[in-house]
**Q** 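Handing you this structure, nothing more for now.
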Amino acid sequence: MKLAPKIIILLLVVTFGVMSLYSFFQIKKAEKSFNADAESNHVLLLSNSLGFLSKSLWELDKDIAARGMKPLFEAETVINIQIFDSEGHFFSGYQYKIGADNKKELIESEEKGNEKDINNNELKKIKRNYDSVPSKMVSQMQNLPDGSHRLIGSLWWKETDLSDPKFLGYVVLNFSTEYIQKRLLEQKISFILFTFALSCTILLLTYAFLKKQIINPIQLLMEASLDIANGKFTKIKDKFRYNIGNEEDEIDKLTTNFNFMVDKIEHSLLMIKGLSEAAQAIVKCMNIEESVKIYEKYLKELIKLNKLEVWLNIENEALNNPKGIIRISDKLQKENLSPLLDKILSSKELVFESSQLFISGDYINNSILLFPLLNSKNILVGVVEVFFPKNINVLSQESLGILNTLSTSLITAVENEWHVIREKNRANLERDIELASAVQDSIISKNFPNSKKFDCSIFFKTASQCGGDWFGIYEVDENRILVLFGDVTGHGTPAALITAVTRGSADMLFQFVKMGNNKINNDFPSQVLKFINECIVDTGRQTYLMTMVAALIDFNENKIFASSAGHTPPAIVDTNTDKTEVKYIYPAMGSRLGFTKGSDYETKEFDFLPGQKIVFYTDGIVEGESPQAKEYGLKNFKRSMESHGQLDPSEFIKNVTNDAFKYFDGIPQKDDIALLAIRFLKSTDTKIIADVA
């Protein structure tokens with residue numbers, strides 16, 4: 001149901017209710033007034049006849065009584081009059097009777113035929129004393145069951161003024177108030193008509209006023225609201241309303257607030273649209289400098305700034321504790337951050353200060369806002385330094401919202417650029433690593449000397465794309481070979497570069513040997529380690545170190561001359577007996593290569609027999625861990641070599657490494673793993689071509 005019918009129904013209910021209550025109380029008041037008037041009139045009428053009626057009863061003369069009673073019937077309201085003596089006996093009376101022609105006739109009452117007769121006891125109850133004022137000898141009006149009323153007067157006779165009054169009897173006057181009911185009915189009808197007319201008048205006037213002052217404005221508000229929902233910002237202009245005293249009422253205030261809301265919504269939507277365009281423009285920029293320029297341009301337009309500077313982390317990465325920051329406008333770097341910037345880094349909150357800014361040849365008093373640029377993880381990307389006039393409230397909710405929104409877009413643009421830079425660097429690094437891996441692959445010796453005195457097999461697996469393990473077998477002469485087996489601390493590209501230096505040093509040394517510049521003797525392994533140490537010290541700068549074992553194997557004397565620079569001890573696998581035996585040989589131990597210049601190394605002599613194997617390895621295999629974080633260790637490694645010692649070098653290496661990786665059970669290796677197995681051939685052995693696993 002619409003508002004207008006509701007208002008009409010409400011007005012009808014209220015108006016009729018109020019007027020009905022008013023009419024009810026007015027009619028009750030009129031009825032009470034009419035009855036009081038009727039009582040007083042009949043009391044006066046009866047009291048004027050008391051003397052005459054008392055005389056008729058004193059003289060027992062009914063004629064006198066008739067002359068006293070008949071004039072009372074001139075009042076059309078009187079029904080009957082009866083006179084009783086002091087004992088309550090009927091004396092005389094008159095009443096109206098309806099004749100055959102429906103006319104009222106006055107007749108004398110019968111002694112006991114009147115329904116309105118009363119007994120003596122009732123009369124005695126309402127007996128009044130003698131009083132010089134006749135009306136005081138009349139009782140109060142009684143209401144009879146049939147709707148009529150009764151007055152009873154006490155009859156006294158006093159012969160002289162000095163004689164005592166004597167009570168003679170009673171006179172009973174019954175009268176009707178039908179005329180009062182007629183008048184009340186007329187009053188009710190007039191009140192009903194008045195109520196209806198007044199209600200209709202109030203209803204029409206009130207509805208017209210409400211229609212003009214409330215319903216129409218509300219309808220305008222509804223239509224304007226629908227326009228806003230459809231994207232049309234319509235304001236309300238009501239020129240037909242009127243107010244007393246030029247004061248705004250609630251509807252006026254509602255209209256004013258609605259128009260203000262329309263302005264704010266329109267402004268907010270335009271602002272959102274502008275911020276969206278600005279955000280897209282900032283994010284789409286090709287580089288950080290361009291993003292900062294657009295960011296500054298829009299902020300100056302929206303917040304009216306004097307100047308703006310953007311500082312970003314110098315590491316091109318979001319960090320809470322950067323080493324420094326760089327100003328984008330002129331690439332100025334601050335290695336040591338200022339106290340204000342330190343405060344921002346510690347609290348990540350806005351910081352304010354006042355300063356003078358030199359603009360267009362003049363110093364201008366400014367307020368400075370330092371706004372931290374925090375990414376979605378609340379990590380600092382940089383700081384925005386905002387210079388604004390003191391009369392501009394850049395701290396308003398709207399200004400801070402604009403600054404925060406555009407700063408979020410700037411942070412996105414900066415992190416996107418940083419991501420691109422990191423991806424380029426990563427791609428370049430991957431290419432460098434691939435190149436280093438290819439170089440290292442060429443460094444690793446795969447073509448060993450072809451000799452009838454030994455065969456060998458190699459396993460090599462790096463922990464990353466580039467490894468730090470290196471090995472080489474050099475033929476000194478037809479009866480001797482030199483085995484170099486080393487491990488750079490760590491792995492990756494730096495370790496691979498050290499292996500390249502090692503390979504270059506070893507190759508250069510043996511070029512000298514071939515040219516006859518170096519004399520080969522049993523102490524040659526220690527001389528080799530000393531030479532390579534000098535090369536690595538100059539290259540690694542004591543940062544990258546290398547362990548190595550150098551072993552000169554003499555097949556004529558069945559001797560091994562070995563020197564160690566902190567490397568794991570080689571193992572001799574003896575299969576000439578029924579039970580395979582493995583024992584470690586421990587060359588003299590020296591400092592790791594690259595630790596210090598002038599390091600000395602010693603050579604130690606060991607025997608071997610044809611049919612035995614010598615195994616060189618790096619610590620990557622013995623230090624590998626199981627899922628329970630337990631190292632493989634020398635004991636497990638020795639037990640595996642004993643189990644597979646009878647196999648040729650290729651199968652031996654394959655099975656030994658399989659045992660180790662079963663122990664690791666999928667746990668990624670922490671270090672490079674390399675194994676070299678050399679079998680000393682007997683005259684009856686079949687030559688196995690050396691391979692690398």
**Q** Rounded to the nearest 0.5 Å, what separates atom NZ in K452 from atom CG in D455?
**A**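 Between atom NZ of K452 and atom CG of D455 there are 14.0 Å.
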
**Q** Can you tell me how far apart CD (E602) and OG (S526) are? Round to the nearest 0.5 Å.
**A** 8.5 Å

**Q** If we count only N and O atoms by modelled type, under 3.5 Å, do the side chains of S599 and S591 hold a donor and an acceptor together?
**A**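 Yes - a donor-acceptor pair under 3.5 Å links their side chains.
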
**Q** Can you measure from CD1 (I458) to CG (L676) and round to the nearest 0.5 angstrom?
**A**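 So the gap between those two atoms works out to 3.5 Å.
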
**Q** Assess whether a salt bridge exists between K461 and D672, defined as any Lys/Arg side-chain N lying under 4.0 Å from an Asp/Glu carboxylate O.
**A** no

**Q** Taking atom types as modelled and ignoring hydrogens, do the side chains of N522 and E605 form a donor-acceptor contact shorter than 3.5 angstrom?
**A** no

**Q** Will you find, in the side chains of T568 and Y584, an N or O donor that is under 3.5 Å from an N or O acceptor?
**A**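 Y584 and T568 do not have a side-chain donor-acceptor pair below 3.5 Å.
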
**Q** Between D659 and Y632, is any side-chain donor less than 3.5 angstrom from a side-chain acceptor?
**A**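 Y632 and D659 do not have a side-chain donor-acceptor pair below 3.5 Å.
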
**Q** May I ask you to check whether over 12 heavy atoms, not counting those of R480, lie within 6.0 Å of atom CZ?
**A**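 Yes, enclosed.
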
**Q** Centre-to-centre under 6.0 Å for F454 and F555, is that the case here?
**A**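 They qualify: ring centres under 6.0 Å apart.
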
**Q** Can a cation-pi geometry be assigned to K613 and F652, taking NZ or CZ under 6.0 Å from the six-membered ring centre and within 45° of the ring axis?
**A** yes

**Q** Would you give the length of the straight line joining atom CG of L312 to atom CG of L373, rounded to the nearest 0.5 angstrom?
**A**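 One gets 7.0 Å once the value is rounded to the nearest 0.5 Å.
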
**Q** Within the 3.5 Å criterion, strictly below it, is a donor on W311 or E385 matched to an acceptor on the partner's side chain?
**A** yes

**Q** Checking D523 against T603 for the side-chain hydrogen bond (donor to acceptor under 3.5 Å, both in side chains) test, could you report, in this order, the C-alpha distance in whole Å, the side-chain angles of both residues, the deciding distance, and whether it holds?
**A** CA-CA 6 Å; D523 194 41; T603 302; 2.9 Å; yes

**Q** As an exercise, state the distance from CD1 of I288 to CG of N416, rounded to the nearest 0.5 Å.
**A** 10.0 Å

**Q** Using a distance-only test with no angle check, is there a side-chain donor-acceptor pair under 3.5 angstrom linking T575 and Q612?
**A** no

**Q** Restricting to non-hydrogen atoms, name the atom on V549 and the atom on P587 that form the minimum distance, rounded to 0.1 Å.
**A**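 Nearest heavy atoms, V549 then P587: CG2-CG, 4.3 Å.
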
**Q** Atom NZ of K604 and atom CZ of F561: how far apart are they, to the nearest 0.5 Å?
**A**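 The NZ atom of K604 sits 13.5 Å away from the CZ atom of F561.
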
